[in-house]
Amino acid sequence: MPDRETMPSAPAPEVSERAAALPQDALRIASGYAFTGPALHLGALLWEGQCLPDAQIRVPLAMLNRHGLVAGATGTGKTKTLQLIAEQLSAQGVPVFLADVKGDLSGIAAPGRPDARVEGRAADVHQRWAATGFPAQYLALGGNGHGVPVRATVTGFGPVLLAKVLRLNRTQEQSLALIFHYADSKGLELIDLKDLRAVVTFLTSDEGRPELRSVGGLSAATAGVILRSLTAFEAQGASGFFGEPEFDTAELLRTGEDGRGVVSVLELSALQDRPQLFSTFLMWLLADLFHDLPELGDVDKPRLVFFLDEAHLLFDDASEAFLESITQTVRLIRSKGVGVFFVTQSPKDVPADVLAQLGNRVQHALRAFTPDDQKALSATVRTFPKSPYDLEEVLTNLGTGEAVVTVLSERGAPTPVAATRLRAPESLMGPLGQEALERAVAGSPSYERYARAVDRESAYERLGRGRGAKGPDEMRDTAPERPGRAQEQPSMAERVVESGVFTSLARSVGTQIGREITRSLFGTARRSGRRRR
């Protein structure tokens, strides 16, 4: 690998001799970033309108599992900051996950193009810039875009996250959880949306009403609302995101042959009109990682750093249960070696309980055109440690590619607030060409595993077979009664569970049915014994 400053950095226990000549306040700030261990280089200190390249602003590699926030108004350079951090993490052997909402992060695999702006920025901050591409894999939700398809089973997604994308209220969310519990207990696998719709349709049918009464607290009216929401959700084209093969989040933990971390780029530009869907899917990926990864405690470097772009979409209209689950996941996943960065316009977009756990902050410029903007600006300033800067003035006057930074030192204490001119990314700042992207996707080691959707027998087919192979839309018909058995007619679910097909399947596919289903903080499900690669 090339010898560049973005590789593991040389120890810098003290500020340089030239930096020692800085003004006293600037020297105090620079001293707060003189770390001894490996660190990422963010840029150079800005002081009284001048860029001071001898005062380098860095973040310790070991502190990047303490989470972070990248915030700022549109057009201030947040995306390039993500790219800059992702490149250096990859160079130090740390896998990265990037949500590419605008479609301009795919270029991280290709060397950048030098121009006057890049060369000027590199000179400003004393960066030895070298055009470099980084190992990347490209993903797409349900194959909607250019990338290896990422799907989740309905069971794996769980009721809490599904309630979020269906826009259910708290009561309806609890009712959906009861439906999942019912399906779990009856061995009715929920692989895709038609499976869940078949179970709800059955429970709201004449034949299924006795079963509905056995599901405590679930009313027919609420089940009907859930069914209508599911139907509308399918009509929006959501079916392709649910099914098998389910994406194994171990794919996000890969490193390349040269030891650099693979950058997983999830293309979301085709889903910008469905923000709740993609933001909740991002949380599913994180919840899946949380469920499966072992505890590590303090680590020299993260196992993975996960960037959640458009983070405010996670919290808009979120239920209390959903917010509690996010807070718990962020709090606990640190000890599993995973760092989470929320990317949004303003810190106020993130709930206080989550914001309090974000130890690393890169705050780009904010605008103060309206009274609400001014209020948000003042609130943002109050979230920073005390500093010699007039932060309200600094934050409204930062240029593109400049930010106010505070991170956690190697001792875990906040560093001094530092206005910073950020470095330039070394990979391509823009989308990868169409042909190059298609070649990269087709050449991915994961492509063959996930490219083709599989629709095996699950709740939809089993409930249909129980009705003489009729489809779930026909399950409202009254079942024919057998002479002398009108009062003893077994329920549909009982016939399914007792059938030879179910028994055979439970015996032969023990990893899919007939084994314990465990649910995580989000209600996402994993069966015991799931093999991790």
Side-chain angles (χ1 to χ4, degrees), residues 2-7 9-10 12 15-19 21-23 26-27 29-30 33-34 39-59 70-91 98 102 104-134 263 343 361-367 389 393-405 407 417-433:
D3 182 14
R4 304 174 2 263
E5 285 191 41
T6 52
M7 294 303 176
S9 56
V15 294
S16 68
E17 291 183 8
R18 287 183 296 178
L22 296 172
L27 177 60
I29 294 170
Y33 292 87
L40 309 189
H41 292 262
L42 297 179
L45 181 68
L46 288 170
W47 184 257
E48 295 183 347
Q50 299 296 314
C51 182
L52 307 178
D54 295 318
Q56 290 290 307
I57 305 303
R58 308 187 304 154
V59 54
V70 178
T74 300
T76 56
K78 295 191 300 294
T79 300
K80 299 302 177 285
T81 298
L82 304 190
Q83 192 167 345
L84 173 67
I85 296 174
E87 289 176 353
Q88 295 186 66
L89 285 166
S90 173
L98 293 174
K102 296 188 288 290
D104 52 5
L105 283 169
S106 59
I108 199 167
R113 297 169 184 159
D115 57 27
R117 289 184 302 173
V118 169
E119 291 170 355
R121 177 58 61 95
D124 283 349
V125 300
H126 284 187
Q127 176 186 7
R128 290 181 294 180
W129 190 91
T132 309
F134 294 83
V263 181
V343 186
R361 301 274 299 277
V362 180
Q363 176 66 60
H364 288 265
L366 290 173
R367 309 305 179 207
Y389 292 102
E393 180 179 354
V394 169
L395 285 172
T396 53
N397 287 285
L398 289 169
T400 301
E402 297 176 346
V404 169
V405 173
V407 301
V417 176
T420 307
R421 182 161 293 167
L422 299 167
R423 293 185 168 211
E426 298 184 337
S427 57
L428 181 65
M429 290 187 279
L432 198 64

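Note that the structure is a prediction, hence the values are computed from the model and not measured.
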Chemist: Restricting to non-hydrogen atoms, name the atom on Trp129 and the atom on Ala122 that form the minimum distance, rounded to 0.1 Å.
Modeler: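 Looking at all heavy atoms of both residues, the closest pair is CB-CB, 3.9 Å.
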Chemist: May I have the step-by-step check of side-chain contact (heavy atoms from CB on, under 4.5 Å) for Met429 and Val118, ending in yes or no?
Modeler: CA-CA 10 Å; Met429 290 187 279; Val118 169; 3.6 Å; yes
Chemist: Please lay out, stage by stage, how Glu87 and Ile108 fare under the test side-chain contact (heavy atoms from CB on, under 4.5 Å).
Modeler: CA-CA 8 Å; Glu87 289 176 353; Ile108 199 167; 4.2 Å; yes
Chemist: Enter the distance from His41:NE2 to Gln56:CD here, rounded to the nearest 0.5 Å.
Modeler: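 With rounding to 0.5 Å, NE2 (His41) is 6.5 Å from CD (Gln56).
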Chemist: In chain order, what residues pass the salt bridge (charged side-chain N to carboxylate O under 4.0 Å, His left out) check against Arg121, with sequence neighbours excluded?
Modeler: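 Testing Arg121 for salt bridge (charged side-chain N to carboxylate O under 4.0 Å, His left out), a comparison that skips the adjacent residues, returns none.
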Chemist: To the nearest 0.5 Å, how far apart are CD in Gln127 and CG in Leu422?
Modeler: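 If I round to the nearest 0.5 Å, the distance is 10.5 Å.
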Chemist: Verify side-chain contact (heavy atoms from CB on, under 4.5 Å) between Leu82 and Val343, making sure each step is shown before the conclusion.
Modeler: CA-CA 9 Å; Leu82 304 190; Val343 186; 3.6 Å; yes
Chemist: CG of Asp104 to CG of Leu432: how many Å apart, nearest 0.5 Å?
Modeler: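 The CG atom of Leu432 is 12.5 Å from CG of Asp104, to the nearest 0.5 Å.
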Chemist: Search all heavy atoms of Ala419 against all heavy atoms of Val394 and return the closest pair with its distance.
Modeler: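 Minimum heavy-atom contact is CB-CG1, 4.2 Å.
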Chemist: Which residue pairs pass the side chain to side chain donor-acceptor pair (under 3.5 Å) test with at least one member in residues 71-81, sequence neighbours excluded?
Modeler: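 Matches after skipping sequence neighbours: Thr74-Gln345, Thr79-Lys102, Thr81-His364.
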Chemist: When rounded to the nearest 0.5 angstrom, what distance separates CD in Glu402 from CD in Gln363?
Modeler: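 One finds 13.5 Å between CD of Glu402 and CD of Gln363.
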Chemist: Can you name the closest pair of heavy atoms from Ala34 and Arg58 and give their distance?
Modeler: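 For Ala34 and Arg58, the tightest heavy-atom pair comes out as C-NH2, 4.1 Å.
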Chemist: Decide yes or no for Val407 and Tyr33: does some side-chain heavy atom of the first lie under 4.5 Å from some side-chain heavy atom of the second?
Modeler: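 Yes, close enough: below the 4.5 Å cut-off.
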Chemist: Quiz question: by atom type and distance under 3.5 Å, do the side chains of Ser427 and Gln83 form a donor-acceptor pair?
Modeler: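 Yes.
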Chemist: Can you confirm whether Leu46 sits close enough to Cys51 that some side-chain heavy atom of one is under 4.5 Å from a side-chain heavy atom of the other?
Modeler: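 A side-chain contact exists here, since the closest heavy-atom pair is under 4.5 Å.
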Chemist: Just how far is it from atom CG of Leu395 to atom OH of Tyr389, taken to the nearest 0.5 Å?
Modeler: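 Reported to 0.5 Å precision, the distance equals 11.0 Å.
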Chemist: Heavy atoms, side chains only, cut-off 4.5 Å: are Val263 and Leu98 in contact?
Modeler: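 Counting from C-beta outward, Val263 and Leu98 do come under 4.5 Å.
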Chemist: Which atom pair, heavy atoms only, marks the closest approach of Leu366 to Ala73?
Modeler: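 Scanning both residues completely, I find the closest heavy atoms to be CD2-N, 4.3 Å.
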Chemist: Kindly indicate, with the supporting measurements, whether the criterion side-chain contact (heavy atoms from CB on, under 4.5 Å) is fulfilled by Val125 and Thr420.
Modeler: CA-CA 9 Å; Val125 300; Thr420 307; over 6 Å; no
Chemist: If you measure from CG on Leu45 to CG on Asp54, what distance do you get to the nearest 0.5 Å?
Modeler: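 Answer for the CG-CG pair, Leu45 versus Asp54, is 10.5 Å.
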Chemist: For residues Ala44 and Leu52, report the shortest heavy-atom separation together with the two atoms involved.
Modeler: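 Closest pair (atom of Ala44, atom of Leu52, distance): CB-O, 3.7 Å.
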Chemist: Might you point out which heavy atoms bring Ala91 and Phe134 nearest each other, and give the distance in Å?
Modeler: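 For Ala91 and Phe134, the tightest heavy-atom pair comes out as CB-CE2, 4.3 Å.
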